[in-house]
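Structure first, then comments.
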Amino acid sequence: MKKPSKLGEDFFHNVHEVVKLIPAGRVSTYGAIANYLGAKRSARMVGYALNGSFSLDNVPAHRVVNRLGILSGKHHFPPERPMEMALAEEGVTVIEDKVQNFEELFWDPAIELAL
DNA sequence: GCAGTGACGGATA
DNA sequence: GTATCCGCCACTG
């Protein structure tokens with residue numbers, strides 16, 4: 001038997017996997033990912049997991065924002081490459097730390113991966 | 001084991 | 001829109 005815990009290393013890993021599945025030019029939210037992983041009330045854990053994503057190069061954490069489309073984690077990015085810039089490079093318009101056209105760019109794993 | 005903290009979300013005022 | 005409170009769970013001291 002594996003670890004019976006709902007959240008743990010698997011959760012941490014799953015978050016990275018889902019984030020890596022986000023197509024360029026699209027964005028997702030902590031809540032959506034948490035919901036997809038079955039921990040919709042643990043959106044905080046998603047943010048925590050993304051914090052560990054800095055150990056990896058394949059995790060585009062800049063595509064993950066809060067439900068308002070605000071770059072909540074921009075303060076955790078290196079000043080050399082802020083989220084706003086990374087998103088702009090992919091065609092996402094960001095004004096004052098907020099994703100414009102958020103509803104259209106929103107990518108929900110629970111929906112996109114369910115098809 | 002307990003308290004504080006955190007890249008959140010929702011409800012309430 | 002802002003402020004406050006609660007819930008949820010992992011990490012750190």
Side-chain angles (χ1 to χ4, degrees):
Chain A
M1 291 292 282
K2 298 189 311 170
K3 178 183 296 191
S5 303
K6 296 175 187 172
L7 306 179
E9 288 184 21
D10 292 322
F11 179 80
F12 209 85
H13 180 72
N14 288 331
V15 173
H16 295 162
E17 291 292 291
V18 174
V19 174
K20 285 191 288 187
L21 291 174
I22 301 173
R26 302 290 294 278
V27 294
S28 191
T29 72
Y30 305 96
I33 296 170
N35 182 42
Y36 177 68
L37 298 178
K40 59 181 183 179
R41 289 188 222 349
S42 302
R44 292 183 129 121
M45 302 297 86
V46 178
Y48 218 100
L50 264 295
N51 190 263
S53 73
F54 277 89
S55 302
L56 308 164
D57 267 6
N58 324 13
V59 185
H62 58 267
R63 291 181 194 151
V64 184
V65 296
N66 69 5
R67 76 176 188 89
L68 300 177
I70 298 172
L71 282 49
S72 321
K74 65 165 249 164
H75 299 294
H76 297 264
F77 271 72
E80 323 300 315
R81 201 169 191 84
M83 293 179 80
E84 182 177 333
M85 184 165 127
L87 289 169
E89 296 276 304
E90 298 180 347
V92 178
T93 305
V94 178
I95 299 177
E96 298 197 70
D97 305 333
K98 290 188 291 289
V99 175
Q100 303 303 297
N101 224 10
F102 178 61
E103 284 188 47
E104 277 184 61
L105 298 174
F106 180 47
W107 185 89
D108 188 340
I111 296 175
E112 306 294 328
L113 300 181
L115 300 176

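Note that the coordinates shown come from a computational prediction; the quantities given were computed from them, not determined experimentally. Below, chains carry the letters A, B, ... as their sequence lines are ordered, and counting in each starts from 1.
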When A/Met83 is tested against each of A/His76, A/His75, A/His62 for side-chain contact (heavy atoms from CB on, under 4.5 Å), which residue passes? A/His62

Test side-chain hydrogen bond (donor to acceptor under 3.5 Å, both in side chains) applied to A/Glu112 - qualifying residues, sequence neighbours left out: none

Would A/Phe12 and A/Tyr48 count as a ring pair (Phe, Tyr, Trp, His ring centres under 6.0 Å) if you check the C-alpha gap in whole Å, the side-chain angles of each, and the deciding distance to 0.1 Å? CA-CA 8 Å; A/Phe12 209 85; A/Tyr48 218 100; 7.6 Å; no

[X] [atom1] - [N] [atom2] separation (whole Å):
| X | N | atom1 | atom2 | value |
| --- | --- | --- | --- | --- |
| A/Leu37 | C/dC9 | CG | P | 14 Å |
| A/Phe54 | B/dG6 | CZ | P | 16 Å |
| A/Leu50 | C/dA10 | CG | P | 16 Å |
| A/Phe12 | B/dG6 | CZ | C1' | 13 Å |
| A/Tyr48 | C/dT12 | OH | C1' | 7 Å |
| A/Glu84 | B/dA7 | CD | C1' | 17 Å |
| A/His76 | B/dT5 | NE2 | P | 15 Å |
| A/Asn51 | B/dG6 | CG | C1' | 9 Å |

Would you say [X]'s side chain and [Y]'s backbone share a donor-acceptor pair under 3.5 angstrom?
| X | Y | value |
| --- | --- | --- |
| A/Arg63 | A/Val27 | no |
| A/Asn66 | A/Gly69 | yes |
| A/His16 | A/Asn58 | no |

Answer yes or no: side-chain N or O of A/Tyr30 and base N or O of B/dA7 forming a donor-acceptor pair under 3.5 Å. yes

With 3.5 Å as the limit, what N/O pairs link the protein to nucleotides 5-8 of chain C?
{"residue": "C/dG7", "atom": "O6", "partner": "A/Arg44", "partner atom": "NH1", "Å": "2.4"}
{"residue": "C/dG7", "atom": "N1", "partner": "A/Arg44", "partner atom": "NH1", "Å": "3.0"}
{"residue": "C/dC8", "atom": "O4'", "partner": "A/Arg41", "partner atom": "O", "Å": "3.3"}
{"residue": "C/dC8", "atom": "O2", "partner": "A/Arg41", "partner atom": "O", "Å": "3.3"}
{"residue": "C/dC8", "atom": "N3", "partner": "A/Arg44", "partner atom": "NH1", "Å": "3.3"}
{"residue": "C/dC8", "atom": "N4", "partner": "A/Arg44", "partner atom": "NH1", "Å": "3.2"}

Give one of base, sugar-phosphate or nothing for A/Ala61, where a contact means two heavy atoms less than 4.0 Å apart. base

Categorize A/Asn66 for me: base, sugar-phosphate, or nothing, with a 4.0 angstrom heavy-atom threshold over every strand shown. sugar-phosphate

When you get a sec, tell me which of C/dA10, B/dG9, B/dA7 is the closest nucleotide to the side chain of A/Arg67? B/dG9

Less than 4.0 Å between a side-chain N and a carboxylate O, is that true for A/Glu90 and A/Arg26? no

